[in-house]
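Just so it is clear: chains get the letters A, B, ... in the order the sequence lines come, proteins before strands, and each one is counted from 1.
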Amino acid sequence: MAEVFEEIALLMELKGENPFKIRAYRTGAETVMSFPGDIIARAQSGDLAGIKGIGEALRDKLHEMATTGGLKFYDYLRGEFPEGIFELFELQGLGPKKVAMLYKELGVASIAGLQEAIAAGKLQDLAGFGAKSVQKLEQSIAFHFSHAGIFRQEQVAHDVADILAALRGHPDVSRAEVAGSYRRGKETVGDLDFLVATSHPEEIMAYFTSQPWVADIIAHGPTKSSVHLASGIQCDLRAVTNAQFPFALAYFTGSKEHNVALRSRALKYGWTLNEYRFASTTPDGPPPPTDIHEEKDIYRALELDSIEPELRENTGEIPAAEEGSLPRLVEMDFLRGTFHNHTTASDGRNSLLEMAEAAREMGMEYLGIADHSKASFQANGLDEGRLREQIAAIREMNQGWKDFRLFAGSEVDILKDGRLDYPDEMLAELDYVVASVHNAFQLSEEEMTNRILKAVENPHVTMLGHLTGRLLAKRDPYAVNIPKIIDACAETGTIIELNANPWRLDMDWRWWRLAKSKGVLCSINPDAHSTDGLHDLYYGMRIARKGWLERSDVVNCLKVAEITKLLNAKRERMAATLT
DNA sequence: GCCGTTTTCGGCCCGACTGTTTTCAGTCG
């Protein structure tokens with residue numbers, strides 16, 4: 001539904017419609033995407049009143065989509081332009097005006113069509129297209145075919161560290177930060193935004209654009225430059241003064257929606273807020289606040305608690321900051337252990353002992369081992385005999401530690417029909433069980449949901465692993481009704497994993513507030529297949545924070561005695577209910 | 001198309017860079 005609103009916005013831009021109307025569709029798409037609940041169920045039952053950004057017209061359209069699976073208004077708009085026209089927007093430098101012109105004047109309606117038109121020399125005759133524009137378009141096309149455009153955190157983390165070090169090492173730079181979606185901890189980023197405070201901006205721009213990791217320069221001005229790195233990611237740098245730095249950092253960290261909300265709040269105080277400063281809206285208006293040195297000073301001036309970058313998505317953080325009800329976000333230092341880790345017994349690269357020692361060195365007090373079960377034969381899953389040997393080895397090893405403990409678990413396949421890959425007697429011997437789907441991804445949403453619900457009903461299933469099976473920028477999540485799963489987990493006391501592998505980051509951060517509101521607990525699990533993999537916990541932590549999770553929501557923060565008790569709680573509770 | 005201490009109509013963020021259009025439009029973030 002959000003994608004349909006996005007495409008409607010694009011089509012209306014092509015038609016040259018009222019830009020504010022277009023923005024309303026974009027806002028609507030954003031609202032739908034980040035809605036903390038079952039928006040489809042709400043739309044089906046017509047229960048959409050009072051959602052900010054969704055007015056009468058968008059409400060009706062959501063209802064129509066949710067009940068009929070289509071939208072007449074959208075079909076009508078689509079009929080006015082050919083199918084392939086959307087891909088033209090993926091080219092850097094092409095916006096709605098130029099795409100409309102290309103289509104209207106030359107009949108260009110795809111990237112391939114554009115290539116033909118360029119080859120035939122047709123673009124030169126078009127108003128607004130000179131030789132340089134054509135050359136840039138050819139570059140954009142080449143770039144489009146050679147790069148993905150979406151990057152996972154772990155793909156860019158090294159670039160970010162290198163660039164920050166280079167900027168901070170320059171004698172004319174007093175402060176440097178990475179901003180943008182990377183700083184907000186998004187699961188993937190489309191570009192990287194850097195910011196420096198300097199009194200010699202032009203020198204910094206020259207320095208930045210001449211670095212060895214720059215593949216090509218997109219733009220190079222006195223205070224702003226854009227380049228592509230070798231990895232293909234676009235990287236922007238802005239230079240401001242020291243006094244402007246907190247404003248610019250807040251501005252370029254975003255999100256756009258968060259900024260809009262902050263600016264409109266500033267207006268109520270009689271101030272404008274931009275990337276450089278507060279200013280009075282009128283000459284005789286209230287004087288703007290002074291003494292702004294850090295981002296938190298900006299929030300304080302607007303009578304808001306300081307808002308962590310991860311929360312800046314305009315999904316309720318501003319009202320919460322106003323009334324002092326922002327969450328105290330969970331931190332890396334709070335983690336005492338983690339679950340769902342593999343060893344050489346299945347498809348891991350390190351032994352039980354090596355994994356345990358690595359966890360101890362990281363300062364953990366416990367580590368849960370969960371190798372694959374036998375149905376995952378491609379991953380050398382354990383049969384019951386090998387699993388019992390592993391359990392015995394873990395019990396034996398635990399004798400040797402006073403300050404550390406291994407938990408014997410398993411990542412048990414949820415079979416296609418919802419049964420588990422081990423019988424209950426086997427599961428009962430384990431300290432805990434992670435239940436995950438590893439095959440038959442193509443089931444319908446109803447079948448997949450029922451499959452997982454059946455696993456949740458099992459008293460031995462302590463937690464659900466990677467709930468949607470997604471691989472970021474590679475494989476879509478499988479269809480599953482997440483609100484239903486969350487309700488069942490709340491009902492049964494089943495924990496949901498936040499898989500910290502940077503490819504997965506699953507369950508998605510947008511669902512955690514719903515889970516939290518129902519009392520469902522989170523386990524941040526690295527799904528480590530090596531000792532190095534344990535460090536992926538960091539990526540999971542960023543996502544947990546993005547999901548508004550606090551120390552009390554994350555089971556990894558519990559002490560050994562507390563977590564031991566919790567791992568047994570569901571079994572005991574369900575046994576009590578039965579008797 | 002949405003919203004409201006500016007409240008049912010009038011306003012909705014705006015600055016940097018590029019290329020081409022001799023004064024600015026388009027794109028981007």
Rounded interatomic separation in angstrom, taking CD from Gln92(A) and P from dC28(B): 7 Å
If you restrict it to nitrogen or oxygen atoms, what contacts under 3.5 Å exist between nucleotides 11-15 of chain B and the protein, and what is each distance?
| residue | atom | partner | partner atom | Å |
| --- | --- | --- | --- | --- |
| dC12(B) | O3' | Arg23(A) | NH1 | 3.2 |
| dC13(B) | OP1 | Arg23(A) | NH1 | 2.0 |
| dC13(B) | OP1 | Arg23(A) | NH2 | 2.6 |
| dC13(B) | OP2 | Arg23(A) | NH1 | 3.3 |
| dC13(B) | O4' | Arg263(A) | NE | 3.4 |
| dC13(B) | O2 | Arg263(A) | NH2 | 3.3 |

Results of ring-ring contact (aromatic ring centres under 6.0 Å, His included) for Phe86(A) - residues two or more places apart only: none
Residue mapping more 5' on DNA chain B - nearest nucleotide basis, Val99(A) or Gly55(A): Gly55(A)
Pair partner, dG26(B) [Watson-Crick or wobble, under 3.5 Å]: dC17(B)
Rounded distance (Å) that lies between atom P of dG1(B) and atom CG of Leu11(A): 14 Å
His170(A): partners by side chain to side chain contact (heavy atoms under 4.5 Å, CB included), with sequence neighbours left out: Asp172(A), Val173(A), Ile204(A), Tyr207(A)
Upstream residue (5' side of DNA chain B) when Ala131(A) and Ser225(A) are each assigned their closest nucleotide: Ser225(A)
Sugar-phosphate only, base, or nothing, as touched by Leu91(A) at under 4.0 Å among non-hydrogen atoms: sugar-phosphate
Distance in angstrom units between Leu102(A) CG and dT27(B) C1', rounded: 14 Å
Nearest-angstrom distance, C1' atom, dT27(B) to dC13(B): 16 Å
dT8(B) versus dC3(B) - spacing of their C1' atoms, nearest Å: 10 Å
Gln234(A) side-chain N/O to dG29(B) phosphate OP1/OP2 under 4.0 Å: yes
Short side-chain N/O contact to dG29(B) OP1/OP2 from Ser226(A), under 4.0 Å: no
Got a list of side-chain donor-acceptor pairs under 3.5 Å for residues 316-323 of chain A, not counting sequence neighbours?
| residue | atom | partner | partner atom | Å |
| --- | --- | --- | --- | --- |
| Glu317(A) | OE1 | Asn314(A) | N | 3.1 |
| Glu317(A) | OE1 | Thr315(A) | N | 2.8 |
| Glu317(A) | OE2 | His258(A) | ND1 | 2.7 |
| Glu317(A) | OE2 | Glu313(A) | N | 3.1 |
| Glu317(A) | OE2 | Asn314(A) | N | 2.5 |
| Glu322(A) | OE2 | Arg265(A) | NH1 | 3.2 |
| Glu322(A) | OE2 | Arg265(A) | NH2 | 3.3 |
| Glu323(A) | OE2 | Ser325(A) | OG | 3.1 |

Touch class at under 4.0 angstrom, heavy-atom based, for Ala239(A) against every strand present: nothing
Euclidean distance, atom CZ of residue Phe129(A) to atom C1' of dA25(B) [Å, nearest integer]: 12 Å
cation_pi(Lys61(A), Phe5(A)) dist<6.0 Å, angle<=45: no
dT18(B) versus dT23(B) - spacing of their C1' atoms, nearest Å: 15 Å
Pairs involving residues 214-255 of chain A, ordered by first then second residue, that meet ring-ring contact (aromatic ring centres under 6.0 Å, His included) (sequence neighbours left out): Phe143(A)-His228(A), Phe247(A)-Phe278(A)
Rounded interatomic separation in angstrom, taking CE from Met101(A) and C1' from dG26(B): 10 Å
Nearest-angstrom distance from the residue atom CG of Leu94(A) to C1' of dC28(B): 13 Å
Proximity to the side chain of Lys97(A) - top-ranked nucleotide from dT27(B), dC3(B), dC17(B): dT27(B)
Same-atom distance (P) from dG1(B) to dT6(B), integer angstrom: 26 Å
Sugar-phosphate, base or nothing in reach of Lys132(A), heavy atoms under 4.0 Å: sugar-phosphate
Touch class at under 4.0 angstrom, heavy-atom based, for Glu13(A) against every strand present: nothing
Phe145(A) atom CZ, over 12 foreign heavy atoms within 6.0 Å: yes
Qualifying residues under side chain to side chain contact (heavy atoms under 4.5 Å, CB included), relative to Pro96(A), sequence neighbours excluded: Glu13(A), Phe89(A)
Basic-acidic side-chain contact under 4.0 Å: Glu257(A), Arg23(A): no
Sugar-phosphate only, base, or nothing, as touched by Lys136(A) at under 4.0 Å among non-hydrogen atoms: sugar-phosphate
Nearest to side-chain heavy atoms of Ser133(A), which nucleotide of dT20(B), dT27(B), dG29(B): dT20(B)
Sugar-phosphate, base or nothing in reach of Leu273(A), heavy atoms under 4.0 Å: nothing
Sugar-phosphate only, base, or nothing, as touched by Pro222(A) at under 4.0 Å among non-hydrogen atoms: sugar-phosphate
Side-chain donor or acceptor of Gln155(A) paired with backbone N/O of Arg152(A) under 3.5 Å: yes
Sugar-phosphate only, base, or nothing, as touched by Ile22(A) at under 4.0 Å among non-hydrogen atoms: nothing
dC28(B) versus dT20(B) - spacing of their P atoms, nearest Å: 16 Å
Touch class at under 4.0 angstrom, heavy-atom based, for Gly53(A) against every strand present: sugar-phosphate
Selected nucleotide, minimal atom distance to Leu58(A) side chain, candidates dT27(B), dC2(B), dG29(B): dC2(B)
Which nucleotide in dC17(B), dG29(B), dG1(B) has an atom nearest any side-chain atom of Lys21(A): dG1(B)
Separation of atom CZ in Phe247(A) from atom P in dG29(B), rounded to whole Å: 25 Å
Whole-Å gap separating C1' (dG1(B)) and CZ (Phe73(A)): 10 Å
Heavy atoms from other residues, nucleotides or ligands near CD1 of Ile150(A) exceed 12 (cutoff 6.0 Å): no
Sugar-phosphate only, base, or nothing, as touched by Thr223(A) at under 4.0 Å among non-hydrogen atoms: sugar-phosphate
